[in-house]
There are 2 protein chains.
Amino acid sequence: MTPRTLEKTGSKKSAAARERLASWISSRGLKATRQRDVIVDVFFAQTGHLSVDELLEKAKQRDPTIGAATVYRTMKILADAGLASARHFEGGQTRYEAALDRHHHDHLICTSCGSIIEFENERIEELQETVAEDHGFHVTHHKLELYGLCRHCRVEQASDRR
Amino acid sequence: MTPRTLEKTGSKKSAAARERLASWISSRGLKATRQRDVIVDVFFAQTGHLSVDELLEKAKQRDPTIGAATVYRTMKILADAGLASARHFEGGQTRYEAALDRHHHDHLICTSCGSIIEFENERIEELQETVAEDHGFHVTHHKLELYGLCRHCRVEQASDRR
DNA sequence: CTGAGAATGAGAATCAATTTCAAAATGGCC
DNA sequence: GGCCATTTTGAAATTGATTCTCATTCTCAG
Ligand SMILES: [Mn+2]
Ligand SMILES: [Mn+2]
Ligand SMILES: [Zn+2]
Ligand SMILES: [Zn+2]
């Protein structure tokens with residue numbers, strides 16, 4: 001019988017997320033498992049936009065027996081519970097980011113180095129709403145992604161050109 | 001020897017597109033083929049956002065021997081030539097729309113009936129640019145998609161609820 | 001008409017994600 | 001603690017869109 005010990009990494013925030021998940025899980029007849037604990041722990045220990053592969057790698061460092069299917073399944077539960085949001089950026093796999101206590105935001109994505117910058121722009125959101133209304137549309141969610149070169153890669157490219 | 005006759009459907013616009021494609025093709029040592037003619041003809045005969053599957057079906061009505069790979073390849077050429085743009089809406093396959101003489105625009109997508117409404121909003125575009133600049137970003141392209149219920153599906157849903 | 005090169009269609013391969021299934025784990029109850 | 005219905009798991013199979021491979025056919029400049 002392996003002891004179920006985890007140095008629950010991280011802040012009060014990830015502790016709060018774990019609690020929310022626990023009640024989500026029990027409230028619908030799901031079960032708490034060692035694997036889910038590890039995956040969730042790994043997820044909240046990071047910041048940023050993580051792919052399932054990246055999460056699997058980290059999870060395996062703690063428990064090499066964890067399978068990819070379980071990571072897919074667990075992240076879906078986190079998303080359903082509102083604790084993670086799934087992002088589908090251009091061309092890649094699904095990435096997840098922590099969603100607890102976070103505002104809605106959109107992204108700038110560098111097509112050269114892959115870095116992702118987040119932004120919120122209330123005015124844009126309002127205008128989107130106006131556009132939708134003009135067409136009798138009721139918006140449930142949207143996607144705004146700006147692709148290009150980040151400051152750093154812009155400089156690099158300029159010097160390459162010389 | 002099958003005669004290479006095609007009732008080149010459609011407007012001066014699609015005729016212009018076919019011409020542009022012809023010069024694109026010859027200018028880089030590609031070759032004109034019966035299959036490409038059919039696919040391009042089918043594409044420009046429609047309006048809207050067509051999936052490769054839809055294009056393949058229509059193309060097969062004219063020439064049942066046309067294969068999916070050829071449709072994929074041809075649409076990629078059209079996109080490279082700037083005559084079609086590829087769109088990757090939520091969850092589905094790639095869709096193509098005619099791009100000749102069209103402004104950049106974004107989309108409202110009904111998650112219930114799949115209908116797509118196009119819009120242009122100069123103010124939103126400007127704000128995007130501003131946001132990017134604020135972060136030292138140089139934007140090459142972007143994606144703005146508003147998902148929700150169109151006017152029609154909104155009404156239907158309201159009556160379902162009674 | 002010829003030949004070099006390009007294009008084709010069928011099927012195999014890829015890749016992320018989902019599903020299947022038999023075996024293992026969980027947790028409410030006694 | 002044991003019981004056991006239910007859930008979960010990992011591995012492997014499957015899916016679905018797209019791309020690739022390859023042997024064969026087609027195109028077009030000379
Ligand atoms: Mn984000
Ligand atoms: Mn459009
Ligand atoms: Zn960059
Ligand atoms: Zn609709």
Side-chain angles (χ1 to χ4, degrees), chain A residues 1-6 21-40 42 49-57 59-60 62-81 84 86-96, chain B residues 1-4 6 21-40 42 49-57 59-81 84 86-96:
Chain A
M1 200 188 297
T2 323
R4 184 100 154 268
T5 322
L6 287 172
L21 180 63
S23 70
W24 173 274
I25 280 185
S26 70
S27 77
R28 49 205 77 205
L30 307 185
K31 288 173 179 174
T33 69
R34 180 174 34 84
Q35 291 87 331
R36 298 221 267 231
D37 282 351
V38 171
I39 293 162
V40 169
V42 158
H49 306 80
L50 291 329
S51 70
V52 168
D53 255 356
E54 289 165 355
L55 289 165
L56 177 60
E57 279 324 297
K60 275 188 165 166
R62 296 233 196 142
D63 177 349
T65 71
I66 286 180
T70 302
V71 181
Y72 277 105
R73 291 186 280 232
T74 301
M75 294 315 295
K76 210 166 280 270
I77 291 172
L78 278 186
D80 288 347
R87 302 287 185 175
H88 306 274
F89 298 128
E90 216 169 67
Q93 328 94 291
T94 300
R95 292 182 170 274
Y96 288 92
Chain B
M1 197 191 297
T2 323
R4 187 102 154 269
L6 284 172
L21 180 62
S23 69
W24 174 273
I25 280 185
S26 70
S27 77
R28 50 205 77 206
L30 307 185
K31 288 172 179 175
T33 68
R34 180 174 35 85
Q35 292 86 334
R36 297 219 270 229
D37 281 351
V38 171
I39 294 161
V40 168
V42 157
H49 307 79
L50 290 330
S51 69
V52 170
D53 253 357
E54 289 164 354
L55 290 165
L56 177 61
E57 280 323 300
K60 275 188 165 165
Q61 290 171 18
R62 297 232 197 144
D63 178 349
T65 72
I66 287 180
T70 302
V71 180
Y72 277 104
R73 291 186 279 232
T74 301
M75 292 316 296
K76 210 164 280 268
I77 290 174
L78 278 186
D80 288 346
R87 301 287 185 174
H88 306 274
F89 299 128
E90 215 169 69
Q93 328 93 292
T94 301
R95 291 180 172 276
Y96 288 92

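Lettering follows sequence order; numbering is per chain, from 1.
- For the pair A/R34 CZ and D/dT9 P, the computed distance is 9 Å after rounding to whole Å.
- Of all heavy-atom pairs spanning A/D80 and A/W24, the tightest one is O-CH2, 3.2 Å.
- Residues satisfying the side-chain hydrogen bond (donor to acceptor under 3.5 Å, both in side chains) criterion with B/T65, sequence neighbours excluded, are B/D63.
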With 3.5 Å as the limit, what N/O pairs link the protein to nucleotides 4-8 of chain D?
residue	atom	partner	partner atom	Å
D/dT6	O2	A/K31	NZ	2.4
D/dT7	O4'	A/K31	NZ	3.4
D/dT8	OP1	A/K31	N	3.0
D/dT8	OP1	A/R36	NH2	2.3

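- At whole-Å resolution of the value, CD in B/E54 and C1' in D/dG16 are 16 Å apart.
- Between the CG atom of A/L56 and the P atom of C/dA16 there is a distance of 12 Å, rounded to whole Å.
- Between B/Y72 and the phosphate of D/dT18, there is a side-chain N or O to OP1/OP2 separation shorter than 4.0 Å.
- For A/T94, the side-chain hydrogen bond (donor to acceptor under 3.5 Å, both in side chains) partners are A/H88, not counting sequence neighbours.
- Not a single side-chain hydrogen bond (donor to acceptor under 3.5 Å, both in side chains) links A/R73 to another residue, sequence neighbours left out.
- Nearest-nucleotide positions on DNA chain D for B/A68 and B/S26 put B/A68 closer to the 5' end.
- To the nearest angstrom, P of D/dT25 lies 18 Å from CD1 of B/I66.
- Residues B/R36 and B/I25 have side chains in contact (heavy-atom distance under 4.5 Å, counting atoms from C-beta outward).
- For A/R95, the salt bridge (Lys or Arg N to Asp or Glu O under 4.0 Å) test picks out A/E54, with sequence neighbours left out.
- The CZ atom of B/R87 sits 16 Å away from the P atom of D/dT18 (whole-angstrom rounding).
- To the nearest angstrom, C1' of C/dT19 lies 12 Å from NZ of A/K76.
- Comparing A/D53 and B/D63 by the nucleotide of DNA chain C that holds the closest heavy atom to each, the one mapping nearer the 5' end is B/D63.
- For D/dA17, the OP1/OP2 oxygens have no side-chain nitrogen or oxygen of B/T94 closer than 4.0 Å.
- What separates OH of B/Y96 from P of D/dA17 is a distance of 14 Å, to the nearest Å.
- Listed by chain and number, the residues in a side-chain hydrogen bond (donor to acceptor under 3.5 Å, both in side chains) with A/E90 are B/H141 (sequence neighbours excluded).
- Between the P atom of D/dA17 and the CZ atom of B/F89 lies a distance of 17 Å, rounded to the nearest Å.
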